[in-house]
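Notes to accompany the following structure.
Each chain gets a letter, A, B and so on, in the order the sequences are listed, and its residues count up from 1.
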Protein chains: 2
Amino acid sequence: MKISNNIINCKSCVYRNLLYEMLSDEEYGLVNSSRREMIFKRNELIIQEGDEISEFMYLRKGLVKLYKTNSKGKDQILSINRPGDFINLLSIFSNKTQQYSVSVLEETHVCAVKIDTIFDLVKLNSEFSIRVMNRMSYIADEIIHKRFEINQRQVKGRVAYMLRFLAEQIYNKNEFRMPITRRELGELISMTTENTIRTMSEFRKDGIIEMEGKNVNIVDFDRLKKVCEMG
Amino acid sequence: MKISNNIINCKSCVYRNLLYEMLSDEEYGLVNSSRREMIFKRNELIIQEGDEISEFMYLRKGLVKLYKTNSKGKDQILSINRPGDFINLLSIFSNKTQQYSVSVLEETHVCAVKIDTIFDLVKLNSEFSIRVMNRMSYIADEIIHKRFEINQRQVKGRVAYMLRFLAEQIYNKNEFRMPITRRELGELISMTTENTIRTMSEFRKDGIIEMEGKNVNIVDFDRLKKVCEMG
DNA sequence: TTTTAGGTATGACATATTTCATAAAATAAG
DNA sequence: CTTATTTTATGAAATATGTCATACCTAAAA
């Protein structure tokens with residue numbers, strides 16, 4: 001990780017609308033003065049489960065995974081997050097430590113605002129409070145809903161679901177470079193690496209996708225959808 | 001459902017400490033004046049996914065399940081909730097409809113406060129806001145953590161985990177009457193009813209539990225724990 | 001450049017889980 | 001109280017998934 005010294009002006013930030021729009025100039029100044037920006041490279045750890053929470057963090061750029069590690073050292077990925085997502089909002093008001101780990105899939109720029117500032121803003125501006133609650137609600141629903149969808153499918157349906165997610169939500173096109181390994185894909189859908197690889201191969205043999213290393217091209221989206229809906 | 005006319009005084013309510021402790025007498029008065037109390041019997045539906053959210057609801061007494069229904073009509077239970085749990089707090093600030101259904105396992109008394117009142121309180125009292133966020137955090141973590149635990153186990157481990165949950169968190173004793181059917185237990189751990197039943201029978205044959213209809217007695221808790229930890 | 005570690009790939013076999021069938025027991029409905 | 005429906009129960013067969021072994025490829029490290 002390195003601290004960025006090329007800090008982009010907040011006025012032009014996407015979060016101005018997403019979270020900070022109701023703040024007065026003075027309140028917005030509080031955010032800026034307690035804010036720092038960091039750059040993380042692939043595989044770096046941004047947040048470790050169990051750490052003290054001292055900053056509220058969100059992505060300005062990049063892609064990360066949010067996950068938990070079990071007692072046997074196995075990871076379970078809860079979500080893939082990108083700019084516009086608040087990576088630790090769900091834990092900030094918990095009076096606990098970080099509940100999830102976050103690590104980097106694609107080079108990521110993180111904005112970090114001191115948590116005390118966030119508490120101050122909540123005290124100063126009730127519109128901001130409500131927006132924070134709104135975002136918490138959204139984040140929780142995203143994670144819970146994704147698990148709900150995954151749990152009712154079996155391997156093929158799960159892989160299809162995640163490929164759709166990547167194509168539709170993350171990259172907005174049918175051809176993309178997988179941001180995660182097959183093992184990580186397995187950790188996302190609670191399946192073994194081998195089965196995940198096998199299923200991808202099967203989709204290739206069936207003519208649903210084309211693959212070359214990490215590059216994936218969904219050539220028969222309708223069939224992918226069907227597999228996704230069948231379970 | 002029937003409206004209760006024997007409304008218990010809020011001053012003596014467990015929620016006074018859990019959620020409302022920082023409210024002034026005047027603010028607390030707002031809660032009371034927009035509050036109603038309802039009684040639901042087993043299997044009644046308290047909240048239907050998709051309903052408009054007009055009230056903030058929580059249990060004074062009883063036991064409920066919170067669940068989602070998939071496109072094929074199958075339910076997936078996300079949590080079992082009892083007094084002290086806020087059954088729709090996670091959805092109130094979402095600007096959406098109810099995200100989960102809630103139905104009754106054991107006769108339940110529900111307090112319902114108009115959602116406008118909750119918004120007013122958030123605006124009036126920032127300590128209250130922070131407490132609300134704290135509770136949202138807690139609720140989301142509970143659901144997410146439970147799925148995390150369930151997903152890393154196979155049938156035996158899952159059933160063991162839920163039996164421990166019932167014994168340790170819900171009833172505080174090793175002998176209890178199952179508040180859910182085997183099918184519901186299956187919906188809670190994402191397994192078929194048959195497998196769930198089979199696993200319970202196996203635990204009985206192995207001398208881990210005694211069973212008679214819905215009555216369960218965990219006679220070898222150590223072994224149940226071991227099964228739970230093995231996965 | 002060579003070495004090393006991790007990622008992708010696939011087969012064969014073991015195990016876990018679902019599905020389908022059937023039946024007794026318990027509970028709800030008339 | 002009788003009848004219908006749901007719940008619990010179990011077996012056998014089909015299917016899905018995990019495990020172990022092995023190989024090759026790729027990217028990072030020495």
Criterion side chain to side chain contact (heavy atoms under 4.5 Å, CB included) on Cys111(A) and Arg35(A), from CA distance to verdict
CA-CA 7 Å; Cys111(A) 268; Arg35(A) 189 174 75 87; 2.8 Å; yes
So which heavy atom on Ile77(B) is nearest to which on Arg147(B), and how close?
O-NH1, 3.7 Å
Is the count of non-hydrogen atoms from other residues, nucleotides or ligands lying under 6.0 Å from [X] atom [atom1] greater than 12?
X: Lys156(B); atom1: NZ; answer: no
X: Lys146(B); atom1: NZ; answer: yes
X: Gln169(B); atom1: CD; answer: yes

Under 4.0 Å between a side-chain nitrogen and a carboxylate oxygen: does that hold for Arg164(A) and Glu229(A)?
yes
Between Arg153(B) and Glu149(B), is there a side-chain N and carboxylate O pair less than 4.0 Å apart?
yes
[X] has an atom [atom1]; how far is it from atom [atom2] of [N], in whole Å?
X: Asn43(A); N: dG6(C); atom1: CG; atom2: P; result: 11 Å
X: Lys156(B); N: dT18(C); atom1: NZ; atom2: P; result: 13 Å
X: Lys72(B); N: dT19(C); atom1: NZ; atom2: P; result: 11 Å
X: Asn215(B); N: dA26(C); atom1: CG; atom2: P; result: 12 Å
X: Glu187(A); N: dG6(C); atom1: CD; atom2: P; result: 14 Å
X: Gln154(B); N: dT18(C); atom1: CD; atom2: P; result: 11 Å

Give every pair of a protein N or O atom and an N or O atom of nucleotides 7-10 of chain C that lie under 3.5 Å apart, one pair per line with the distance.
unit_1, atom_1, unit_2, atom_2, d
dT8(C), OP1, Lys214(A), NZ, 2.6
dT8(C), OP2, Arg182(A), N, 2.8
dT10(C), OP2, Ser201(A), OG, 2.7

Give me the first and last nucleotide of DNA chain D, going 5' to 3', that has any atom under 4.0 Å from a heavy atom of chain B.
dT7(D) to dA12(D)
Any donor-acceptor pair under 3.5 Å from Gln99(A) side chain to Thr97(A) backbone:
yes
